[in-house]
Amino acid sequence: MDSQHRSPEYSSLLLAGPRAGPLKQAHARLVVTGHGHSLPLITKLATLAVAAGAAPYAHLVATSHPAPDAFLFSSLTRAAAHRSLPRAALAFYRRLLSAALPFSSFTFTAVAKACADLSALRTGKAIHAHSLLLGFGSDRFVLTSLVVLYSKCGQLAVARSLFDAIRDRSVVAWNAMISGYEQNGLAERGIEVYKEMQVAEAVPDSMTFVATLSACAQAGALDLGREVERRIVSERMDMSVFLGSALVNMYARCGVVDKAREWFDMLQERNVVTWTSMIAGYGMHGHGHEAIKLFRLMRREGPPPNHVTFIAVLSACAHAGLVTEGRDAFACMRRVYGLVPRVEHYCSMVDMFGRAGLLDEAMQFVHDYIPGEPGPEVWTAILGACKMHKNFNLGVEVAERLIALEPENPSYHVLLSNIYALSGKMHHVEKVRNTMIKRRLKKQIGFSLIELGGTSHLFRMGEKSHRQTREIYQYLEELVHRITAAGYMPETESVLHELEEEEREGALRYHSEKLAVAYGLMMSSGSTTPIRVIKNLRICGDCHLAIKFMSAVENREIIVRDKHRFHHFKDGKCSCCFSNLNSTKTDHGVPLLISHNGASGDYPDCTDLAYQKEVTDGAAVIDCALQVTKDGSSIDLKDVSTVVTSQFASLAVVIEDIKHVAEVYTLNFNWEDIANNLKSNRPPRKS
DNA sequence: CTAGGGTTAG
């Protein structure tokens with residue numbers, strides 16, 4: 001609008017835009033016309049160069065200026081962070097430091113994002129401390145960027161404490177916190193934040209819904225997913241490709257494939273993620289043919305598939321026994337799309353041959369296609385096939401190879417003992433067991449969840465803490481009698497030491513998934529809605545068989561989502577086994593609400609302890625640095641020590657963190673004085 | 001003569 005007020009030089013820069021070639025021409029013009037030292041022009045030039053991806057050139061332009069100012073380097077820092085050039089952003093930030101130029105909060109948001117992109121926790125902490133030293137400790141933009149930083153580095157407790165410290169939280173801050181939990185596998189906590197947001201009457205935007213739907217997908221929280229969908233529709237939100245994909249993904253991963261497809265068809269815009277989510281949804285539920293059909297359509301009229309698409313396609317083929325289709329897909333991956341297969345693709349292929357009983361082909365594939373020495377993932381896939389098709393000699397060989405590769409990994413010992421158990425060599429099973437005990441190797445603990453009437457019920461093997469324990473066990477006993485009468489035979493030997501499974505002899509009938517399913521059936525007899533259970537590990541072979549029978553004798557659809565996929569049990573069959581896949585009908589109607597926590601949540605493990613420690617340390621750093629005066633030149637030692645000694649446990653951490661800031665950013669403090677002062681002001685120990 | 005921040009899908 002005011003282009004007539006701008007100099008021709010400035011206009012020529014704008015005209016060049018974020019393109020390296022034209023920018024260099026404009027640069028030449030600046031030099032020739034004598035504007036080569038104009039800071040505003042050089043700033044615009046260098047910033048555009050960063051936007052063009054030419055960070056080294058921008059760096060050269062900026063540093064060759066005789067008197068660069070703060071505006072120049074902070075603009076460059078921002079531009080680089082924005083273009084996801086984190087290393088360049090940090091380099092420009094260091095220029096500001098070494099030139100002793102002033103900082104603004106804008107610089108910190110940029111450089112925090114750069115650290116987040118790099119997952120650089122140590123540098124990120126130093127930048128955090130530095131921002132505190134300069135008095136930006138309560139800037140809501142800086143705090144939000146730090147929430148993202150600590151989330152990306154897996155430090156959720158620190159992220160949360162910073163989030164809590166934000167006064168007047170913006171929707172961006174809420175979104176960052178929801179997505180932070182979700183990305184770290186703590187979907188339940190993300191959902192809690194979404195609910196807190198409602199209570200706080202903060203206004204959500206489309207990113208809020210995208211993040212929340214992802215959390216729902218991860219947690220299997222179908223009811224909340226539907227609620228979010230209703231809001232999206234009733235508020236007439238713009239259906240961006242992000243939002244659309246999030247909806248497809250939510251429905252697909254919650255097991256409502258038809259609804260996922262409805263959205264998929266309805267969307268105006270579909271990209272590779274939308275297509276991949278839908279294909280993966282089909283594959284996960286055993287609809288291999290649908291997956292392939294959609295993949296073919298994608299090849300004809302969709303965006304080019306990528307690595308993730310091929311993982312979905314190959315896994316769908318493996319589970320549906322579509323060997324020819326899988327082979328074709330694998331072949332076109334590199335030839336047509338130039339994608340180099342990764343270990344996941346190799347594993348899916350091996351798994352595919354293995355499941356189809358083509359063990360020789362699997363071995364041949366490993367030999368012909370996998371470059372170098374195959375990794376443990378590939379051997380594990382081979383082993384799965386050996387187990388399935390009872391090839392004990394090869395199985396033992398492979399398991400021993402795996403143990404040699406990673407002696408401390410408990411799951412390989414479990415696999416070996418499974419093979420021995422299946423082949424009836426019980427004395428070998430005992431030997432492996434003893435080895436595990438001697439080396440203190442423990443299996444992961446499994447649990448299953450079912451949500452009824454808005455309350456989530458968690459079961460571990462042999463769980464006795466539920467208030468209806470007696471009824472549940474009684475119900476399960478009766479159920480086992482009935483399925484036994486129908487022909488069920490416990491897979492005793494294999495279950496005795498099942499893969500990644502709850503163990504303890506004689507307790508196989510009380511595996512967590514059996515308890516959860518029994519509870520669901522008991523509490524809803526007479527109903528026709530499917531039973532939905534989520535398990536954190538893979539379902540065990542015996543439970544798989546038992547639940548097939550349960551679906552028949554109870555005439556109920558039972559859906560179990562395990563670590564890898566969905567199992568739709570109906571009429572004595574499961575959707576995951578292509579050999580008995582006759583009915584491919586998906587669920588419909590209102591299912592029992594299921595909730596699930598991916599990692600810690602209510603489930604007692606060591607995570608919460610770790611959280612406690614983080615909170616203390618993080619709070620101490622913040623409190624301490626807040627006591628430091630704004631220009632960073634002097635510290636009131638008394639104030640610092642008062643605060644820090646109240647957080648006595650984390651004294652060392654505080655000193656270390658601030659020291660690190662000083663080293664990197666050449667701030668001159670007298671560390672010995674500070675340390676001594678802090679120590680002498682320690683509170684008396686409790687007697 | 002110079003901008004303007006932090007958050008999204010498999």
Side-chain angles (χ1 to χ4, degrees), chain A residues 2-11 13-14 35 38-48 51 69-72 74-79 81-82 104-114 116 136 139-149 151-152 159 162-163 166 169-180 182-183 193 204-218 239-250 252-253 260 263 267 269-281 283-284 305-313 315 344:
Chain A
D2 55 349
S3 59
Q4 64 267 43
H5 303 299
R6 277 204 281 262
S7 65
E9 287 73 24
Y10 192 75
S11 300
L13 287 174
L14 288 185
H35 294 85
S38 154
L39 261 178
L41 290 174
I42 288 298
T43 303
K44 192 69 193 172
L45 169 71
T47 310
L48 282 169
D69 64 354
F71 188 84
L72 172 60
S74 75
S75 295
L76 292 177
T77 310
R78 267 183 15 80
H82 188 74
S104 79
S105 61
F106 288 84
T107 321
F108 285 107
T109 55
V111 91
K113 175 178 152 44
F136 297 117
D139 182 285
R140 62 196 201 120
F141 290 106
V142 174
L143 280 168
T144 305
S145 67
L146 290 170
V147 168
V148 176
L149 165 70
S151 296
K152 288 259 162 77
L162 289 168
F163 173 76
I166 304 174
R169 279 171 221 151
S170 67
V171 64
V172 179
W174 286 103
N175 296 352
M177 198 66 245
I178 295 170
S179 140
E182 189 270 322
Q183 300 275 329
V193 175
D205 65 4
S206 77
M207 281 197 202
T208 316
F209 294 135
V210 170
T212 306
L213 285 170
S214 293
C216 293
Q218 194 186 110
M239 194 45 68
S240 71
V241 69
F242 281 99
L243 197 51
S245 303
L247 277 164
V248 170
N249 179 44
M250 186 277 291
R253 285 183 59 193
W263 269 112
L267 294 178
E269 194 189 346
R270 291 177 279 265
N271 65 10
V272 61
V273 178
T274 330
W275 285 85
T276 303
S277 295
M278 194 62 238
I279 292 171
M284 240 186 275
N306 65 13
H307 277 106
V308 188
T309 317
F310 277 99
I311 294 171
V313 170
S315 143
E344 299 96 311

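As a basis for the values below, the full set of heavy atoms in this structure was taken, side chains included, without hydrogen atoms, waters or symmetry mates. Chain letters run A, B, ... following the sequence lines, proteins first, then strands; residues in each count from 1. Since the model is a prediction, treat every value here as computed from it, not as a measurement.
Here the nucleotide nearest the side chain of K44(A), chosen from dG10(B), dA9(B), dA3(B), is dA3(B). Picking from dT8(B), dT7(B), dG10(B) the nucleotide with the shortest atom distance to the side chain of V148(A) gives dT7(B). Distance from the side chain of L41(A) is smallest for dC1(B) among the nucleotides dT7(B), dC1(B), dA9(B). Checking dG6(B), dT2(B), dA9(B) against the side-chain heavy atoms of T109(A) singles out dG6(B) as nearest. Distance from the side chain of N271(A) is smallest to dA9(B) among dA9(B), dT8(B), dG10(B). Proximity note for K113(A) (side chain, C-beta onward) versus dA3(B), dT7(B), dT8(B): the nearest is dT7(B). The side chain of D205(A) approaches dT7(B) more closely than any other nucleotide in the set dG5(B), dT7(B), dA9(B). Side-chain atoms of S74(A) lie closest to dA3(B) of the nucleotides dC1(B), dG10(B), dA3(B). Listed nucleotides dG6(B), dA9(B), dG5(B) differ in distance to S214(A); the shortest reach to its side chain belongs to dA9(B). Of the candidates dT2(B), dG10(B), dA9(B), the closest approach to any side-chain atom of S277(A) belongs to dG10(B).
Rounded to whole angstrom, the span from the NE2 atom of H82(A) across to the P atom of dT8(B) amounts to 14 Å. Taking atom CD1 on I42(A) and atom P on dC1(B), their separation rounds to 16 Å, with Å as the unit. Atom OH of Y10(A) is separated from atom C1' of dC1(B) by 8 Å (rounded to the nearest Å). Protein atom CZ of R253(A) is 7 Å distant from nucleotide atom P of dG10(B), rounded to whole Å. Atom P of nucleotide dG10(B) and atom CZ of R270(A) are separated by 18 Å, given to the nearest angstrom. Atom C1' of nucleotide dA3(B) and atom CG of L48(A) are separated by 12 Å, given to the nearest angstrom. Remark: C1' of dA9(B) and CZ of F209(A) are 15 Å apart, rounded to the nearest angstrom. Computed from coordinates, the L243(A) CG to dT7(B) P distance equals 19 Å when rounded to whole Å.
Residue N175(A) places no side-chain atom within donor-acceptor reach of the base of dG6(B), judged by atom type and a 3.5 Å distance cut-off alone. At a cut-off of 3.5 angstrom, counting only N and O atoms as typed in the model, there is no donor on one side facing an acceptor on the other between the side-chain of T144(A) and the base of dG5(B). T274(A) contributes no side-chain N or O that forms a donor-acceptor pair with the base of dG10(B) under 3.5 Å. T276(A) contributes a side-chain N or O that forms a donor-acceptor pair with the base of dG10(B) under 3.5 Å.
No donor-acceptor pair under 3.5 Å is formed between the side chain of Q183(A) and the backbone N or O of S151(A).
Going from atom CG of L39(A) over to atom CG of D69(A) covers 4.5 Å, rounded to the nearest 0.5 Å. With values rounded to the nearest 0.5 angstrom, T107(A) atom OG1 is found 10.5 Å from F71(A) atom CZ.
The phosphate of dA9(B) (OP1 or OP2) has a side-chain N or O of Q183(A) nearer than 4.0 angstrom. S179(A) has a side-chain polar atom (N or O) that falls below the 4.0 Å cut-off from OP1 or OP2 of dT8(B). The phosphate of dA9(B) (OP1 or OP2) has no side-chain N or O of N249(A) nearer than 4.0 angstrom.
Heavy atoms of E269(A) sit nowhere under 4.0 angstrom from any nucleic acid atom. Contacts of S105(A) with the nucleic acid, taken as non-hydrogen atoms under 4.0 Å apart, include base atoms. Using a 4.0 Å heavy-atom criterion, one finds that V248(A) contacts no nucleic acid atom at all. If you check every strand for non-hydrogen atoms under 4.0 Å, S206(A) touches nothing. Across all strands shown, S240(A) has no heavy atoms under 4.0 Å from either base or sugar-phosphate atoms.
A pairwise comparison of heavy atoms in L76(A) and T47(A) identifies CD2-N, 3.6 Å as the closest pair.
Lacking a ring centre under 5.5 Å from that of the base six-membered ring together with a plane angle below 30°, F141(A) does not count as stacked on dG6(B).
T276(A) and T309(A) form a side-chain donor-acceptor contact under 3.5 Å, judged by distance and modelled atom types alone.
Considering only residues two or more places apart in sequence or on other chains, K44(A) meets the salt bridge (charged side-chain N to carboxylate O under 4.0 Å, His left out) condition with none of them.
Between W174(A) and F163(A), the ring planes are perpendicular. Angles over 60° get that label, and only those under 30° would be called parallel.
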